[in-house]
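What's counted below: heavy atoms across the whole structure, side chains too, no hydrogens, waters or symmetry copies. Atoms within each ligand, like the ligands themselves, are counted from 1 in listed order.
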Amino acid sequence: MSEKIRFGMIGAGAISNAHLGALAARDDVEIVCIADKNLDRAKAQAEKYGIGRAVGEYEELVAMDDIQAVVVGIPTQFHPDASTKAMAKGKHVLCEKPMARTLRECDEMADAAETNGVVLAIGFVRRFDPDWGKVRELVQANKVGRPCMWRRIVAGAAPGPPNYGAWYSDSRFSNGPLDESGSHDFDFVRYTFGDAKAVTASTWKMGRAGDVLDTCTLIVDFKSGDQMLCLWSWGLPKGCRAPNLGPDVLGPDGVIHGPEKEEGENEFSYVVVGPEGAEERHPFTLVRTGKFWSQGQMDNFVESIRGNETPRATAEDGRKTQEIVLAAFEATKTGRRVEIGEFAGRA
Ligand SMILES: NC(=O)c1ccc[n+]([C@@H]2O[C@H](COP(=O)([O-])OP(=O)(O)OC[C@H]3O[C@@H](n4cnc5c(N)ncnc54)[C@H](O)[C@@H]3O)[C@@H](O)[C@H]2O)c1
């Protein structure tokens, strides 16, 4: 086997477990250092995953010459600075989603990858999810016809202590659910339908926590003619969740809905309902380990560094998702449908 790739982890919060676990499962990488402003947390993760060094500042980590790749998993506001500093030191970067809050920062990150000849992958982990992957497969196999509509409605309380930091609801660090949660959805639907064309949206504050716009409703029109209807709210009180809707897909030839549980621990089906209510079941195995989910994402990143694959979610994907998010804020501000191209090069 070729030499081990030496990794640094920036961030020791909730998401670090997904990345550190995925790295620990590979025998061709080594986790050398972890950095977190909260040094006790960095030390605790170092202890748990057998990492030799724990530091408080990511600048210290990126300055280490014996690290070739880093994962950036800290509040979104800091993604661009940590990623570009790491890339300037010649390190490959897997940066959590959302890539950055502004298009200018997305472009700076993409430029840094290009200039330094390193891999930059964005953590749109849903692209490795067998559940949503099945819906995508059925849409692309034209099971309900095109153009079609992808629906997704989710409402609960904002992520926060004790499981997550309070920054999610603080507008200094986060754009709220539209970006932090919705970006997964917008990226995945783009992955399925192709590029977005325009966004109609309403984004407002309903809940009592923090100062981000916590409730967003969007219609995203895609160049393909397909459409997405999405509601993401963090406006409910702590411990309260509304029933989710979707993802499901409505088309001229029927509906895709599910997943429904089948016999067997990890077995599920999506159901396609066609004319006269005729049903087809499309089974899949839902295991978010192995080559799926975070492990799939990390395997793809490592193999991209080794030159055997390319990142499934690129800097361009990160930017294009951010275009949808920013168009939604603009649509709210102006009260009109915003064409995606209007944002080229702005903000
Ligand atoms: N892909 C996914 O499904 C997924 C899930 C959760 C979070 N995320 C993303 O991962 C990132 C981190 O989220 P989280 O849930 O782990 O947050 P968290 O609040 O659990 O942890 C954040 C950590 O970052 C540290 N930190 C804050 N500012 C820092 C700085 N300037 N330098 C170093 N460390 C700093 C904090 O001390 C904390 O330990 C966010 O961008 C979030 O959107 C992605």
Do side-chain atoms of Q295 reach the backbone of A22 as a donor and acceptor pair under 3.5 angstrom? yes
At less than 3.5 Å, what protein N or O atoms come close to the N or O atoms of ligand 1? Include the distances to 0.1 Å.
{"from": "ligand 1", "atom 1": "1 (N)", "to": "E96", "atom 2": "OE1", "distance (Å)": "3.1"}
{"from": "ligand 1", "atom 1": "1 (N)", "to": "H184", "atom 2": "NE2", "distance (Å)": "3.4"}
{"from": "ligand 1", "atom 1": "3 (O)", "to": "H184", "atom 2": "NE2", "distance (Å)": "3.1"}
{"from": "ligand 1", "atom 1": "13 (O)", "to": "Y168", "atom 2": "OH", "distance (Å)": "3.2"}
{"from": "ligand 1", "atom 1": "15 (O)", "to": "Y168", "atom 2": "OH", "distance (Å)": "2.6"}
{"from": "ligand 1", "atom 1": "16 (O)", "to": "A14", "atom 2": "N", "distance (Å)": "3.2"}
{"from": "ligand 1", "atom 1": "16 (O)", "to": "I15", "atom 2": "N", "distance (Å)": "2.9"}
{"from": "ligand 1", "atom 1": "17 (O)", "to": "W167", "atom 2": "NE1", "distance (Å)": "3.4"}
{"from": "ligand 1", "atom 1": "19 (O)", "to": "G165", "atom 2": "N", "distance (Å)": "2.7"}
{"from": "ligand 1", "atom 1": "19 (O)", "to": "W167", "atom 2": "NE1", "distance (Å)": "2.8"}
{"from": "ligand 1", "atom 1": "20 (O)", "to": "A14", "atom 2": "N", "distance (Å)": "2.9"}
{"from": "ligand 1", "atom 1": "34 (N)", "to": "K37", "atom 2": "N", "distance (Å)": "3.2"}
{"from": "ligand 1", "atom 1": "37 (O)", "to": "D36", "atom 2": "OD1", "distance (Å)": "2.6"}
{"from": "ligand 1", "atom 1": "39 (O)", "to": "D36", "atom 2": "OD1", "distance (Å)": "3.2"}
{"from": "ligand 1", "atom 1": "39 (O)", "to": "D36", "atom 2": "OD2", "distance (Å)": "2.6"}
{"from": "ligand 1", "atom 1": "39 (O)", "to": "R41", "atom 2": "NH1", "distance (Å)": "2.6"}
{"from": "ligand 1", "atom 1": "41 (O)", "to": "I74", "atom 2": "O", "distance (Å)": "3.3"}
{"from": "ligand 1", "atom 1": "41 (O)", "to": "T76", "atom 2": "OG1", "distance (Å)": "3.2"}
{"from": "ligand 1", "atom 1": "41 (O)", "to": "H79", "atom 2": "NE2", "distance (Å)": "2.8"}
{"from": "ligand 1", "atom 1": "41 (O)", "to": "K97", "atom 2": "O", "distance (Å)": "3.4"}
{"from": "ligand 1", "atom 1": "43 (O)", "to": "K97", "atom 2": "O", "distance (Å)": "3.1"}
{"from": "ligand 1", "atom 1": "43 (O)", "to": "K97", "atom 2": "NZ", "distance (Å)": "3.0"}
{"from": "ligand 1", "atom 1": "43 (O)", "to": "E180", "atom 2": "OE1", "distance (Å)": "2.5"}

For D129, the side chain to side chain contact (heavy atoms under 4.5 Å, CB included) test, sequence neighbours excluded, returns R126, D131, W132, L286, R288, W293
Residue pairs meeting side-chain hydrogen bond (donor to acceptor under 3.5 Å, both in side chains), one or both in residues 152-164, sequence neighbours left out, come to R152-D185
V212 and K205 have their tightest heavy-atom pair at O-CD, 3.6 Å
Besides I219, the hydrophobic cluster formed by Ile, Leu, Val, Met, Phe, Trp and Tyr side chains linked at under 4.5 Å, directly or via other members, contains M149, L229, L250, V255
>> I'd like to know if the side chain of D214 reaches the main chain of G207, judged simply by a donor and an acceptor atom lying under 3.5 Å from each other, with no hydrogens or angles considered.
In response: yes
